[in-house]
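Here the structure is a predicted model, which is why all the values come from computation and not from measurement.
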Amino acid sequence: MSSFEKVSSNKTFGGELLKFKFASPALSHTVAKFSVFIPGSASQDQKAPVLFYLSGLECNEDQGPQKGGFLKDAATEGISLVFPDTSPRGAGVEGEDDDWTFGTGAGFYIDATSPKYSQYYNMYTHVTFEIPHVLQRQNLPLDLERRAIFGHSMGGHGALTVYLKAFRASHTRPYLSASAFAPVSNPTQSPWGQRAFQGYLKGGIEEGKAHDATELISKVNVPVNILIDYGDGDKFYQSGQLLPENFLAAAQKAGHAENEVVVRRQPGYDHSYYFISSFASDHIKFHARFLKA
């Protein structure tokens, strides 16, 4: 395999959905795939801003474009979408396929520090640095200086933390906005997050606080642009995996205004893509306000 290959191309809503694969250095040169939607309005003279979508547990680069209901509104708004995978594939680490909430399909968008996983499980670097760097080398009409991020469940955790970590990394804002569907909002307090941090991180749950959106929002003292939706019929919300109220309380305590952090409870909705697609248009239009400003 060459270093970068186009796997497929499909025309949709006047634009093009592309899938690529490459040997990922961040993931120890395992084969990584990701998909990119490019709206028909994009050109080298009028490049499209980029919105990254991070999927949830057990998913890959296909569920977002196929089930999310994002493409029509992205085409209308002239926004490109990037859909990474959720973990390395075929790493061969002992036990990585034993539990659907950890390992393959469950990389949690962090860089592992535990010696067992640190060679392969570096999804934070893969999403925030490697894929943008790979895209910059291609002749695609994308404006990566204007980018935002959203996600679902584990990917909602990823989107919020990627966005919030950027404020602490520099005084510039690499992502203009963030949104999430049913995010794991306080992972150091939820079973999924605790499982991930105890496995991937040498320092366990205590080290995991650096990757917890509720912990991070409490330390950000500049304005933010965040939208969260969750359903109160979601069994994972009901069992304490998501904890969006903790995130909202931390944001309010840190002084963030109601229009900076909007958390919406959607009556009766569950955790599925039926829920996501019901509010997909709202999220695309939310990001368009900042990406096209």
Side-chain angles (χ1 to χ4, degrees), residues 49-56 82 84 86 107-113 122-132 144-190 192-194 196-197 200-201 203 205-230 241-264 283 286-287 289-291:
V50 181
L51 177 56
F52 289 80
Y53 176 78
L54 306 185
S55 289
V82 177
T86 55
F108 254 80
Y109 303 105
I110 60 177
D111 287 349
T113 57
N122 298 297
M123 291 302 294
Y124 178 80
T125 293
H126 178 63
V127 166
T128 63
F129 174 76
E130 189 169 61
I131 288 179
L144 286 158
E145 295 299 312
R146 292 183 294 156
R147 58 181 173 174
I149 191 163
F150 68 149
H152 171 231
S153 191
M154 175 187 71
H157 142 79
L160 293 174
T161 55
V162 164
Y163 174 72
L164 292 169
K165 285 177 186 179
F167 287 100
R168 301 186 70 186
S170 69
H171 295 294
T172 60
R173 186 179 300 182
Y175 300 88
L176 298 175
S177 51
S179 73
F181 303 91
V184 182
S185 305
N186 192 186
T188 58
Q189 302 300 315
S190 76
W192 285 346
Q194 291 171 351
F197 294 155
Y200 292 131
L201 301 178
I205 294 172
E206 185 64 28
E207 187 180 346
K209 290 180 179 179
H211 311 287
D212 184 321
T214 296
E215 296 282 343
L216 291 167
I217 190 67
S218 68
K219 298 176 177 64
V220 174
N221 56 9
V222 295
V224 297
N225 303 311
I226 295 173
L227 170 64
I228 293 173
D229 279 306
Y230 69 96
Q241 295 284 10
L242 308 182
L243 304 172
E245 295 93 345
N246 292 8
F247 179 81
L248 180 59
Q252 291 173 339
K253 186 176 181 180
H256 294 287
E258 289 184 3
N259 64 333
E260 292 179 42
V261 179
V262 178
V263 178
R264 308 190 303 188
H283 283 245
F286 168 78
H287 290 289
R289 288 165 47 199
F290 307 104
L291 289 170

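Scanning both residues, Ala213 and Ser185, for their nearest heavy atoms gives CB-O, 3.7 Å. Contact record, His256 with Val222: CE1-O, 3.2 Å, taken as the closest heavy-atom pair. Between Gly156 and Ala180, the shortest heavy-atom contact is CA-CB, 3.7 Å. Minimum interatomic distance between Leu54 and Pro84 (heavy atoms only, all atoms of both residues): CD2-CG, 3.9 Å. A pairwise comparison of heavy atoms in Leu144 and Pro132 identifies CD1-O, 3.6 Å as the closest pair. Taking both residues in full, the closest heavy atoms of Val263 and Tyr230 are given as CG1-CE2, 3.8 Å, listed atom of the first, atom of the second, then distance.
The closest donor-acceptor contact from the side chain of Arg147 to the backbone of Val50 lies at 3.5 Å or more, if one exists at all. Here the side chain of Glu260 pairs a donor or acceptor atom with the backbone of Val224 at under 3.5 angstrom.
One distance of note links CZ of Phe129 with CG of Asn122; it measures 13.0 Å at 0.5 Å rounding. Note that NE2 of His287 and CD1 of Ile149 are 9.0 Å apart. Values are rounded to the nearest 0.5 Å. Atom OG1 of Thr214 sits about 12.5 Å away from atom NZ of Lys209, to the nearest 0.5 Å. Interatomic distance, Ser218 OG to Asp212 CG, rounded to the nearest 0.5 Å: 9.0 Å. Of the inter-residue distances, the one linking Leu176 atom CG with Arg146 atom CZ reads 9.0 Å to the nearest 0.5 angstrom. Atom CD1 in Ile205 sits 4.0 Å away from atom CD in Gln194 (nearest 0.5 Å).
Taking the ring-ring contact (aromatic ring centres under 6.0 Å, His included) definition, one finds that His283 meets it with Phe181, sequence neighbours left out.
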Practice task
Check step by step if side-chain contact (heavy atoms from CB on, under 4.5 Å) holds for His152 and Tyr53.
Solution key: CA-CA 8 Å; His152 171 231; Tyr53 176 78; 3.3 Å; yes

Practice task
Under the side-chain contact (heavy atoms from CB on, under 4.5 Å) rule, what do Tyr163 and Asn225 come out as? Steps first, then yes or no, please.
Solution key: CA-CA 10 Å; Tyr163 174 72; Asn225 303 311; 4.0 Å; yes

Handout entry: Audit row: Met123, Thr86, side-chain contact (heavy atoms from CB on, under 4.5 Å) steps and yes/no
Key = CA-CA 8 Å; Met123 291 302 294; Thr86 55; 5.6 Å; no

Handout entry: Worked verdict on Phe286 versus Val262 for side-chain contact (heavy atoms from CB on, under 4.5 Å)
Key = CA-CA 11 Å; Phe286 168 78; Val262 178; over 6 Å; no

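Taking the six-membered ring where the residue is Trp, the centroids of His157 and Tyr109 are separated by 6.0 Å or more.
A side-chain contact (heavy atoms from CB on, under 4.5 Å) with Glu207 holds for exactly one of Thr188, Ile110, Leu201; it is Leu201.
Residues Ser177 and Arg289 are not in side-chain contact: their nearest non-hydrogen atoms beyond the backbone lie 4.5 Å or more apart. For the pair Lys219/Phe167, no side-chain contact is recorded, criterion being any heavy-atom separation below 4.5 Å from C-beta on.
For His211 and Thr161, the side-chain atoms include no donor-acceptor pair closer than 3.5 Å.
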Distance-only criterion, 3.5 Å: show the donor-acceptor pairs between side-chain atoms of residues 241-250 and protein atoms not counting sequence neighbours.
from, atom 1, to, atom 2, distance (Å)
Gln241, OE1, Trp192, N, 3.0
Glu245, OE2, Tyr237, OH, 2.5
Asn246, ND2, Asn186, OD1, 2.8

